[in-house]
Protein chains: 2
Amino acid sequence: MELTVRQQKILAAVVELYIATGEPVGSKSLCETLDFNVSSATVRNEMSNLSDRGLLEQPHTSAGRVPTEKGYRVYIDRLMKRPGITGEEKRYIDSLILPSAYDPEKLLDGVAKVLASMTKFAAVSTTPSGESAVIRAVQLVQTSRRTAMVILMTSAGTMKSRVFHCDFDITPEILRVFFRMINEKLIGVPVASITPAYIQSLAASMGDMAIMISSALMAVAGAAQESMQSEVCLNGEINLLFYPEFGQEELRRIMDFLSRPSELCRLLSQPNNKVRVILGQESRRPELRDSSVIVSRYSIGSRDAGAIAIIGPMRMNYGRIISRVEYLSGSVGRMLTELMNME
Amino acid sequence: MELTVRQQKILAAVVELYIATGEPVGSKSLCETLDFNVSSATVRNEMSNLSDRGLLEQPHTSAGRVPTEKGYRVYIDRLMKRPGITGEEKRYIDSLILPSAYDPEKLLDGVAKVLASMTKFAAVSTTPSGESAVIRAVQLVQTSRRTAMVILMTSAGTMKSRVFHCDFDITPEILRVFFRMINEKLIGVPVASITPAYIQSLAASMGDMAIMISSALMAVAGAAQESMQSEVCLNGEINLLFYPEFGQEELRRIMDFLSRPSELCRLLSQPNNKVRVILGQESRRPELRDSSVIVSRYSIGSRDAGAIAIIGPMRMNYGRIISRVEYLSGSVGRMLTELMNME
DNA sequence: TTTAGCACTCAGTATGTAAGAGTGCTAACA
DNA sequence: TGTTAGCACTCTTACATACTGAGTGCTAAA
């Protein structure tokens, strides 16, 4: 059976009051915030009904009520009002991240910082993934008598560098030869296929040069490897210490989870349009049993590229936070698209 | 008046027992661990004496005793035995950090990770500072039709890159001109003097080229700026959650301090030979009132370059930790010296 | 369908008591 | 003179008991 309008209003009021105060809300105090006049007894009946449906629960018999996960879900999906975000705020946000928009990694790191300080939760962002990219160019630059740097550029717009060392003096001549051989063999090759074995066979195919060029090739392989992994930027974990709903044990579990980039990445990887809210158990991760995660994936051009997210207690101002995460994700996408389409 | 040998032994035993158990140590349990036979009453008298000298204190009248800051200081400076570190351990440590020894930033980041996981405290490291470095070379590499990358190499061995964008198509010709002009003007210039004003006047002096080259010069300035700051790598803050001596309030203060790189840097900047232990109030920082910091600065060649450190509760196994920090700092210095003297 | 009234439940707080650990002091001992 | 045994004293910790207040569910009347 569907919720009546009055029940919806009461559920929303409970959620909002609980978010605001952190105390279980009782029938009497709730009455005062409602925009229609009924007695506390009536409200009690309705609340009891909402409890039966699994939308509210009581910490103990004689306490007020608290939203359940399901209650939050209904609130977020159907009842919540989403306050817009003002133009001024948008400009402010953009002004904070713009200075680091010249480099994807710096940008996403900056975004995590901004997000953490704006929301007072822990913030995560992932740099654009380059798994399906191919090598666009490899540059070589001498850095000292016996060292040089390879700079790998990929179709995903990432750029990674690596220094290598030779046992002989590097001349411009040698560098030119290296450059020609490497680019000849590697342009258009997917970075994912640059395995140690591949590099070995490649070196072998170069005859006399094999030994000389191998350290350069190893450097290319290292850079390719690095270009594939999307880095995870984490910020504001400290903020979580301020929420009384998280005890020591709780915090440890969450922090431990946050320190495992690969799992974090997996959690954020599910595609979503605009914003996704993952409430407690929905994450299927015991560590996040009492937390909620707000994720938004960003795109470069029209290609899904990475994610930004915040993690905090289930009791948070969803409307406010979602707007901000959504806006920030759009901004990041726009800036990166511009950065990579510069050519 | 000096401490008698027996008093020294008792102080050391109290510190060690307290470090091991975390409980205030009483006269009776202490008796059992001493290597000479006296009654608990005698021990009580000596402990009372040590309390009068400010080396021990009681949480409350009827509790055992706990070392004071001064007590720890005496223990560390004069009583502590420092267990060596085995060759096997040394090899293990080196094997963990060697893979990232190709890049100073990666290396120091790896060191912080290793240190945190070895000690179970929060670990910090700073990358080599390049404040007094001069520009050794600037390389230019085209990265797309209208973008290129400047690579700045300094006498401190750091290498920073930055992408810049032009409003016109970049030809090899133009790049060659840029290269010549930039290197002509900038080689040997201290990075510290590359201010926006300096760059402006430099551009102005280039006549017709001024407008075209300005974005490249700005990129150089950005890279120079970045090469000066020593980055702070932080790891294992989570570990601090596991020490019962840190309460919520405590933790917040420490974490907040850890999140301010500049102050952290300042704390670690005081030169020291080998290892320095900063106990609680000695740091003159209220945030670290109950923590202790073990710092060791590393050198590149013979020049002091950066620091590695751990931060934890005052109750820690100093001997063990100091050995490890010291060894790691030596390893880092050796690896970086090698990396930078490759030419 | 709504409301007033009432009995009931339960967390939180205060109070009292008992146990236990450890001290300081005193007086006897080597 | 240094060392030890004994003892009274202090203070934390744990546990039991009683009280208070917020909030509920139910019933009966409007």
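Model, not experiment: these values are computed from the prediction. Chain A is the first sequence line, chain B the second, and so forth, proteins listed ahead of strands; every chain is numbered from 1.
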Peer 1: Check the distance between C/dT23's C1' and B/L50's CG and give it to me in whole angstrom.
Peer 2: 15 Å
Peer 1: Could you report the tightest heavy-atom contact between A/D256 and B/I238, atom names first, then the distance?
Peer 2: N-CG2, 4.5 Å
Peer 1: Check B/R276 with B/E282, please: is the shortest side-chain N to carboxylate O separation under 4.0 Å?
Peer 2: no
Peer 1: What's the spacing between A/R320 CZ and A/R82 CZ if we round to 0.5 Å?
Peer 2: 13.5 Å
Peer 1: May I have the distance from A/Q7 (atom CD) to C/dT2 (atom C1'), rounded to whole angstrom?
Peer 2: 15 Å
Peer 1: Nearest-Å distance, CD (A/E23) to P (C/dG12)?
Peer 2: 10 Å
Peer 1: Find the distance A/L17:CG to D/dA22:P and express it as a whole number of Å.
Peer 2: 16 Å
Peer 1: What is the separation between atom CG on A/N37 and atom P on C/dA4, rounded to the nearest whole Å?
Peer 2: 12 Å
Peer 1: Whole Å only: how far is the CG atom of A/L56 from the P atom of D/dT24?
Peer 2: 11 Å
Peer 1: Are B/R252 and A/F242 in a cation-pi setup, meaning NZ or CZ lies under 6.0 angstrom from the ring centre and within 45 degrees of the ring axis?
Peer 2: yes
Peer 1: What's the CD-P distance between A/E57 and D/dG23, to the nearest Å?
Peer 2: 17 Å
Peer 1: Please pick, from C/dG24, C/dA4, D/dT3, the nucleotide with the shortest atom-to-atom distance to any side-chain atom of B/T42.
Peer 2: D/dT3
Peer 1: Heavy-atom nearest nucleotide on DNA chain D for B/N45 versus A/N45: which residue maps closer to 5'?
Peer 2: B/N45
Peer 1: Take a 6.0 Å sphere around CG of A/N37 and say whether it holds more than 12 heavy atoms from other residues, nucleotides or ligands.
Peer 2: no
Peer 1: Would you mind telling me which of D/dA5, C/dG24, D/dT12 lies closest to the side-chain atoms of B/S48?
Peer 2: C/dG24
Peer 1: Restricting both atoms to N or O, compile the protein contacts to nucleotides 14-22 of chain C shorter than 3.5 Å, with distance only.
Peer 2:
unit_1: C/dG22; atom_1: O4'; unit_2: B/S62; atom_2: O; d: 3.3

Peer 1: Determine the minimum heavy-atom distance between B/V38 and B/C31, stating which atoms define it.
Peer 2: O-SG, 3.5 Å
Peer 1: Atom NE2 of A/H60 to atom C1' of D/dT24: distance rounded to whole Å?
Peer 2: 10 Å
Peer 1: Run the ring-centre check on A/Y318 versus A/Y75 and record whether the distance is less than 6.0 Å.
Peer 2: no
Peer 1: Taking the side chain of A/A41 as heavy atoms from C-beta outward, which of C/dT3, D/dA5, C/dT2 is closest to it?
Peer 2: C/dT3
